[in-house]
Amino acid sequence: MVVPEPGSLQSLSLWIGSVAMGLAALKFLWDGWSVRDPETQEYYVITIFVPAIAAVSYFSMATGFGVVSFDAGPGMGETVIYWARYADWLFTTPLLLLDLCLLAEADRNTIYTLVGLDVFMIGTGVAGALAREGQTIRVVWWAISTGALLVLLYLLFETLSEQASRLSADRASLFGRLRNLVIGLWLLYPVIWILGTEGGVELFGLGVETALFAVLDVAAKVGFGALLLRSREVWASDAAGSAAPADD
Ligand code: RET
């Protein structure tokens with residue numbers, strides 16, 4: 001077990017991440033509590049689980065359970081890996097995609113393809129993170145994972161956007177904003193990974209890397225969720241008898 005040193009940038013980022021995610025989950029839960037319209041509830045159920053899962057993942061990393069240290073082989077040496085992030089991403093990234101797909105009224109095959117690519121991306125990413133065969137093999141895993149990300153983002157941009165263009169102007173525009181947020185933020189993950197300690201380039205250390213991932217995670221989960229749920233009138237407008245918007 002490798003407990004991040006109390007007071008270090010790593011430890012601070014993880015504790016702040018955990019509290020921020022926990023508070024966001026509670027806020028979304030609070031806002032969604034009185035919702036009765038099933039379609040609206042669907043977005044709340046999905047979106048509440050995203051920060052809730054992240055909160056426990058961050059807690060596990062801050063307390064030393066979600067982190068391992070091992071000899072990663074040639075070009076790497078002793079390496080500290082926060083494996084709990086991948087457990088978090090494995091569940092939360094498909095949930096975020098599901099939100100986008102619901103909003104775009106995507107067909108089932110598009111949903112399966114996106115979720116499949118996403119699980120493939122996180123799966124190959126964790127293989128790279130836990131690889132002990134040295135830096136070259138890690139870079140190969142990274143390239144495979146990044147390939148899946150690029151195809152996934154292309155599908156968001158093409159297929160899903162095409163399906164969203166048939167929606168009302170308001171809904172299509174909200175979809176466009178959320179989609180751009182996803183494309184912009186998700187592309188930064190492989191960059192941090194390869195330039196940081198996982199890829200072995202070590203342009204910055206584990207402290208900076210942990211802080212950068214924390215900022216990205218909060219933006220990609222809480223920023224995304226808040227924007228989606230705040231725009232409830234856009235997707236709940238045609239749902240009969242939908243509850244009044246929550247007080248913010
Ligand atoms: C990894 C491994 C290296 C290659 C790629 C990766 C992509 C990760 C992504 C994560 C997104 C996480 C989100 C979390 C919070 O909500 C796994 C770093 C491509 C895109 C959005």
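Residue numbers start at 1 and run along the sequence shown. In listed order, ligands and their atoms are each counted from 1.
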Notebook entry, point to check: Is K221 salt-bridged to D88, cutoff N-O under 4.0 Å?
Noted result: yes
Notebook entry, point to check: Tell me the side-chain hydrogen bond (donor to acceptor under 3.5 Å, both in side chains) pairs involving residues 102-115, sequence neighbours left out?
Noted result: D107-T110, D107-Q163, T110-Q163
Margin query: Checking the side chain of E209 only, and the main-chain atoms of T197 only, is there a donor and an acceptor separated by less than 3.5 Å?
Written below: yes
Checklist line | Residues that S173 engages under side-chain hydrogen bond (donor to acceptor under 3.5 Å, both in side chains), provided they are two or more places apart | finding: none
Enumerate the pairs of nitrogen or oxygen atoms, one from ligand 1 and one from the protein, separated by less than 3.5 angstrom; state names and distance to 0.1 Å.
| unit_1 | atom_1 | unit_2 | atom_2 | d |
| --- | --- | --- | --- | --- |
| ligand 1 | 16 (O) | K221 | NZ | 3.1 |

Check: What's the spacing between W141 CH2 and T136 OG1 if we round to 0.5 Å?
Finding: 14.5 Å
Next item on the list: Sort and list the pairs that fulfil salt bridge (Lys or Arg N to Asp or Glu O under 4.0 Å) and have at least one residue in residues 130-149, not counting sequence neighbours.
Entry: none
